[in-house]
Amino acid sequence: MEPVNVKMDELDLRVSIGSLKLQNPVMTASGTFGYAREFESYVHLQRLGAVVVKGISLEPRAGNPPPRIFETACGMLNAIGLENVGVDRFISEKMPYLSALGVPVIVNILGDSVDEYRQLAERLAESPGVAAIEVNISCPNVKKGGVAFGTDPQMAAAVTKAVKQGCQVPVIVKLSPNVTDVTLVARAVEEAGADAVSLINTLIGMAIDLKSRRPRLANVIGGLSGPAIKPVALRMVYQVAQAVSIPIIGIGGIASAEDAMEFLLAGACAVQVGTASFVNPRATEDVLDGIATYVREQKLESVRDLIGALRIG
Amino acid sequence: MEPVNVKMDELDLRVSIGSLKLQNPVMTASGTFGYAREFESYVHLQRLGAVVVKGISLEPRAGNPPPRIFETACGMLNAIGLENVGVDRFISEKMPYLSALGVPVIVNILGDSVDEYRQLAERLAESPGVAAIEVNISCPNVKKGGVAFGTDPQMAAAVTKAVKQGCQVPVIVKLSPNVTDVTLVARAVEEAGADAVSLINTLIGMAIDLKSRRPRLANVIGGLSGPAIKPVALRMVYQVAQAVSIPIIGIGGIASAEDAMEFLLAGACAVQVGTASFVNPRATEDVLDGIATYVREQKLESVRDLIGALRIG
Amino acid sequence: MSQIQQKVELIQSEVIAAGTVRLTLNAPDIAAAAVPGQFVMVQTAQGLDPLLRRPFSIHQINSEGLLQILFKVVGRGTERLAQCRTGEQLSILGPLGNGFNLGESGNACLVGGGMGIAPLLFLASRFLQQSHGGVTPRVILGARNREELVPLMGDFLALGIEVLAATDDGSFGYHGLVTDVLKTLNLTSQSSVYSCGPKPMMAAVHHLCQKENIPCQVSVETVMACGMGACLGCAVPLKAGGYAHVCSDGPVFEAGELLWSL
Amino acid sequence: MSQIQQKVELIQSEVIAAGTVRLTLNAPDIAAAAVPGQFVMVQTAQGLDPLLRRPFSIHQINSEGLLQILFKVVGRGTERLAQCRTGEQLSILGPLGNGFNLGESGNACLVGGGMGIAPLLFLASRFLQQSHGGVTPRVILGARNREELVPLMGDFLALGIEVLAATDDGSFGYHGLVTDVLKTLNLTSQSSVYSCGPKPMMAAVHHLCQKENIPCQVSVETVMACGMGACLGCAVPLKAGGYAHVCSDGPVFEAGELLWSL
Ligand SMILES: Cc1cc2nc3c(=O)[nH]c(=O)nc-3n(C[C@H](O)[C@H](O)[C@H](O)COP(=O)(O)OP(=O)(O)OC[C@H]3O[C@@H](n4cnc5c(N)ncnc54)[C@H](O)[C@@H]3O)c2cc1C
Ligand SMILES: Cc1cc2nc3c(=O)[nH]c(=O)nc-3n(C[C@H](O)[C@H](O)[C@H](O)COP(=O)(O)OP(=O)(O)OC[C@H]3O[C@@H](n4cnc5c(N)ncnc54)[C@H](O)[C@@H]3O)c2cc1C
Ligand SMILES: Cc1cc2nc3c(=O)[nH]c(=O)nc-3n(C[C@H](O)[C@H](O)[C@H](O)COP(=O)(O)O)c2cc1C
Ligand SMILES: Cc1cc2nc3c(=O)[nH]c(=O)nc-3n(C[C@H](O)[C@H](O)[C@H](O)COP(=O)(O)O)c2cc1C
Ligand code: FES
Ligand code: FES
């Protein structure tokens with residue numbers, strides 16, 4: 001692993017997501033960083049703002065049959081099918097390593113019913129290392145639940161309320177971009193008590209193999225991520241920033257510090273790096289170093305000076 | 001200009017969009033091919049399936065202030081603001097050249113009210129060269145009208161009815177991808193009498209210049225097009241193909257014959273090539289040559305064998 | 001207007017100053033049709049990223065069909081081009097745009113700043129070669145400092161054209177702006193000024209010429225997607241209202257037609 | 001498990017048969033840590049397209065820290081790699097995956113088809129170098145025809161290993177399948193088979209070994225995004241139900257663990 005080469009002692013990169021204090025605004029995106037250990041050879045994990053782990057369900061899930069991924073122009077489709085070890089094994093097998101890292105651990109959860117979300121929140125609230133819960137109401141891959149929760153403001157609010165009731169830690173609701181008006185869902189979950197929103201999850205996409213005349217994914221459709229979707233993500237973050245007053249975490253196609261700072265300017269308090277970590281496993285740390293360098297070179301008092309600092313008109 | 005190098009005499013590439021017969025399924029996308037003349041040095045225009053021209057409004061429009069375009073990962077944002085010469089000058093200055101080409105001319109129209117759409121259809125119906133009208137209810141750039149028509153099934157149906165009343169030529173309604181469920185709008189315009197639907201128009205996106213902290217587009221938001229959006233477009237064409245029985249024209253990120261044929265397999269009867277024509281002005285003809293070569297090599301009876309031939313399960 | 005899309009061979013790539021590169025392409029068809037002020041659109045990637053072509057003024061052509069572009073490395077596309085190696089094939093479109101109007105003027109003055117000198121070399125050689133007896137234009141070139149300016153002057157000197165130099169820091173030639181030098185030439189309404197460079201420089205040249213009633217043509221830059229009038233992305237505001245399109249109505253304009261306040 | 005992300009220099013690029021390329025990279029850190037059957041993820045573009053890295057088996061390493069990959073040009077990524085020139089820097093990740101279990105076997109047989117031979121060369125040399133006295137594995141290689149097969153054999157012969165060849169068209173060696181050759185060797189449950197190649201070939205090898213009760217390891221391929229266990233994209237179905245991940249649980253598996261019907 002490369003040595004840490006950007007001095008950050010004197011820089012103020014701290015941001016808050018409600019009561020959750022982060023040493024800097026750079027997190028991992030759920031499902032793209034495994035359970036963090038996978039990246040220990042590449043990234044100084046203790047430098048991250050927070051680690052967001054793969055989506056966890058009540059019961060273990062085997063996931064979808066292959067092929068599960070396909071590369072597209074500046075992006076990729078995935079239909080992993082939310083393969084995960086289930087909440088019990090997550091707590092017993094994965095949390096010990098994660099909580100020892102010394103950075104906030106945010107657990108992404110998904111359920112098939114409002115009650116499952118509540119149960120997940122309750123189970124995780126018992127695990128002391130969990131700093132916050134990110135509620136995935138937007139995954140497009142599972143037929144039951146996933147889609148409906150994220151596209152219907154009322155359902156999204158119901159899930160938010162249930163999770164809030166189930167736990168004391170900050171609750172971040174992760175929004176789907178596959179909607180006509182993302183601000184409606186954002187406002188609904190804000191009213192329902194969400195401490196923050198994160199966006200965007202993947203756009204729904206598809207690809208076809210001309211040779212076999214079959215879909216490239218066994219699941220037919222999948223989630224589009226990567227640099228290709230960044231303009232859509234940035235627009236939605238900007239729109240939501242005008243609509244809600246809770247903190248926003250920006251996600252979608254972030255591969256460089258410049259990308260990340262665009263999201264901060266648009267109104268995000270923090271960002272998540274997703275697909276970029278597949279291409280460059282050190283992407284999260286590279287984004288962090290780039291932000292730090294910018295804050296130093298521009299002599300900003302803190303990284304918070306960037307948040308929402310977009311100039312219009 | 002390069003000589004025509006793919007022999008097509010013996011091949012059956014014909015497709016129909018309702019009563020409109022095309023010699024092949026390759027069209028241009030509105031707003032990306034000017035008024036066709038711009039491409040006469042690069043493309044044998046008479047070989048195209050149809051020419052779709054830049055969106056026309058009742059009155060001339062100056063368009064948005066610059067910057068109007070910005071390159072993104074495998075795509076571009078545009079906020080041209082529907083600059084156009086207006087329907088009168090279009091008919092007097094542009095139609096003579098277009099109708100002399102000998103290929104169907106499809107006129108893309110946009111209005112700020114249902115009545116404007118009807119008036120446009122009536123005016124164009126008087127011009128003998130107009131083979132069909134494509135109704136742009138989806139352009140995200142103009143604050144009045146544009147967005148609402150395309151995202152609300154009832155409004156979309158109202159516009160469709162008005163245009164149908166105003167003219168006898170086939171009416172193609174162009175759908176917006178910025179909706180939760182594209183099939184709802186597709187079904188609504190089918191019921192309202194649309195002869196075909198075309199999709200997708202651009203996704204709404206945004207980009208920010210870190211140096212100036214300003215949006216990259218004077219209009220703040222713009223339409224995302226190009227290869228980046230192809231997976232979303234293909235998914236929506238596939239969904240709409242399951243939902244309606246009128247012909248579908250596939251649009252979005254098509255840059256090669258392989259791309260085009262994916263749309264045919266997903267259920268489109270024809271395709272439009274947009275942003276790719278900026279990068280490779282010969283893109284439409286290259287797509288056509290590639291399809292012809294495939295039809296010959298695979299010994300298909302006609303290109304129509306590909307339409308909807310996706311295998312699932 | 002006949003435009004060509006072609007793969008052409010890179011014959012030579014020269015770094016003529018830090019971050020400034022000159023490419024020589026074997027493009028006889030485009031070279032034969034080109035006039036000064038026109039440009040080419042160059043594809044910079046093999047894949048889909050960067051997606052769009054990049055516009056470059058035609059810097060010089062010769063009778064063997066070689067065409068040169070001169071550019072500064074400012075981003076991903078120009079970086080890619082700077083890395084291209086001799087023998088590689090580059091896809092280019094051209095010649096595009098309208099070009100300068102050389103008119104009757106026996107008293108032409110070319111005013112370039114930074115990379116704005118790129119189209120002026122081709123323009124200067126055309127003045128020298130004009131059918132009704134060549135004329136030697138006057139040339140004023142400005143840059144930030146000696147390092148930037150001197151490498152750009154060589155080609156003009158080789159044509160036998162004297163260059164009036166100005167640098168921001170005074171490290172070479174006149175210490176100040178090109179407009180200060182322009183003032184000293186006592187041009188009249190019978191002269192013509194041809195200018196290309198950074199926007200503030202061209203605005204200053206325009207205002208000076210307007211005051212003195214000297215005809216002035218400028219070559220302007222905008223972001224472009226197509227370079228051929230199809231996307232309408234390259235709008236510049238006109239004094240009379242509305243917009244012109246740099247790729248098809250320009251890139252050369254009568255300075256007075258444009259709205260300079262923006 | 002220590003994995004490294006590094007820019008490494010391309011030392012040599014050889015076209016060893018039509019569409020088959022071998023790259024030699026100066027990657028001492030990765031080479032030092034690698035075991036046979038592991039792979040590297042190689043970035044093929046400078047820009048964002050193609051976006052994802054491509055996985056390639058480690059074909060050979062040497063004591064000077066050079067690492068080779070051997071691949072067929074099948075798409076955009078491999079095309080790009082085939083065009084890379086000596087001196088270029090390539091970003092690679094590795095060593096990844098689990099590698100073959102060399103076990104105690106004094107009677108190893110390596111069965112490769114097409115590009116499946118790539119990891120077998122490294123494996124064969126390790127067998128020769130094993131600490132407790134080298135053993136010479138038997139090697140069966142199959143391909144469609146002489147043109148494809150012969151260039152792939154040279155490195156094994158240079159190691160002093162005899163190659164049993166099989167071609168689909170009989171133009172070289174045995175006319176038929178590698179499994180036909182494998183049958184003639186009379187392997188037992190004390191032997192071990194190591195196989196890599198097209199899926200139908202590996203399935204046939206597996207079924208033969210299963211019948212004869214011969215231990216068999218296979219190296220399998222899937223599409224990959226990360227190569228390091230993070231995306232869960234590289235699933236292969238297991239006989240016992242559920243999925244394994246080729247990049248982290250494999251790419252080498254006991255053939256009996258996998259579900260071959262799919
Ligand atoms: C008609 C015309 C002729 C031109 N001739 C020349 C020439 O002869 N020599 C030369 O060096 N350049 C010339 N340019 C500018 C040149 O096209 C840009 O420098 C180039 O496109 C940048 O590409 P890039 O990918 O390296 O930069 P990008 O990565 O696209 O951009 C890097 C930075 O430069 C800015 N930028 C990009 N294009 C422009 C532009 N046109 N104007 C101002 N800022 C820009 C971007 O906003 C960004 O901040 C010309 C432009 C036009 C329109
Ligand atoms: C662990 C591992 C080790 C590998 N080792 C080698 C090696 O040593 N030598 C070698 O030549 N190849 C090897 N491969 C396969 C190699 O990774 C692919 O050929 C390569 O990724 C293709 O990239 P491309 O961009 O050229 O093709 P693409 O443009 O991505 O694809 C071109 C065509 O090939 C198909 N394709 C792509 N990847 C695969 C794959 N993994 N399996 C089957 N079909 C595929 C695509 O569906 C498409 O039809 C290995 C794969 C894995 C997973
Ligand atoms: C392979 C893969 C798996 C993902 N799994 C999850 C998940 O379990 N839960 C979730 O909320 N989002 C998941 N996502 C979405 C990402 O967290 C992120 O929202 C999306 O990929 C957009 O960001 P990016 O463009 O930076 O990748 C996944 C994305 C990918 C590519
Ligand atoms: C510069 C530009 C201008 C456009 N103008 C119009 C228009 O006037 N009317 C319309 O219906 N669509 C317009 N579009 C959308 C395209 O027709 C097409 O739907 C979209 O770009 C997606 O296709 P593509 O990815 O192939 O470009 C425009 C697109 C671009 C890039
Ligand atoms: S660049 Fe497209 S119209 Fe000028
Ligand atoms: S390739 Fe990502 S988990 Fe295996």
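The chains referred to below are lettered A, B, ... by the order of the sequence lines, with proteins before strands, and numbering in each begins at 1. All values below were derived from every heavy atom in this structure, side-chain atoms included, with hydrogens, water molecules and symmetry-related copies excluded.
Side-chain atoms of A:T202 and A:S225 form no donor-acceptor pair, as typed in the model, at a separation below 3.5 Å. Counted by atom type alone, A:T180 and B:T151 present zero donor-acceptor pairs between their side chains at under 3.5 Å.
Per-residue heavy-atom pair counts under 4.5 Å with chain B were compared for A:A266, A:G253, A:A228, and the maximum is reached by A:A228. Top candidate by heavy-atom pairs under 4.5 Å with chain B, chosen from A:P231, A:G205, A:A309, A:G313, is A:P231. In terms of heavy-atom pairs under 4.5 angstrom with chain A, the leader among B:T72, B:L210, B:D209 is B:L210. With respect to chain B, the highest number of heavy-atom pairs below 4.5 Å among A:L234, A:D259, A:D181, A:I229 belongs to A:L234. Residue with the most contacts toward chain B among A:A73, A:P177, A:S212: A:A73 (heavy-atom pairs, distance under 4.5 Å).
Shown are B:V26, B:V15, B:N24; of these, the side chain to side chain contact (heavy atoms under 4.5 Å, CB included) with B:V303 is made only by B:V15. Each of A:I251, A:V185, A:V237 was checked for a side chain to side chain contact (heavy atoms under 4.5 Å, CB included) with A:L199, and the lone residue meeting it is A:V237.
With rounding to the nearest 0.5 angstrom, the OH atom of B:Y238 is 8.5 Å from the CD1 atom of A:I208.
Proximity to chain B (any heavy atom under 4.5 Å) is restricted, for A:V220, to the side chain, taken from C-beta onward. Interface remark: A:L224 contributes side-chain atoms only to the contact with chain B (heavy atom separation under 4.5 Å). A:I312 touches chain B through backbone and side chain together, each having a heavy atom under 4.5 Å away. A:L306 touches chain B through its side chain: at least one heavy atom from C-beta onward sits under 4.5 Å away, while N, CA, C and O do not.
Salt-bridge annotation for A:E285 and A:R282: present, with a side-chain N of the basic residue lying under 4.0 Å from a carboxylate O of the acidic one.
Side-chain contact between B:Y294 and B:L300 is present, with at least one heavy-atom pair separated by less than 4.5 Å.
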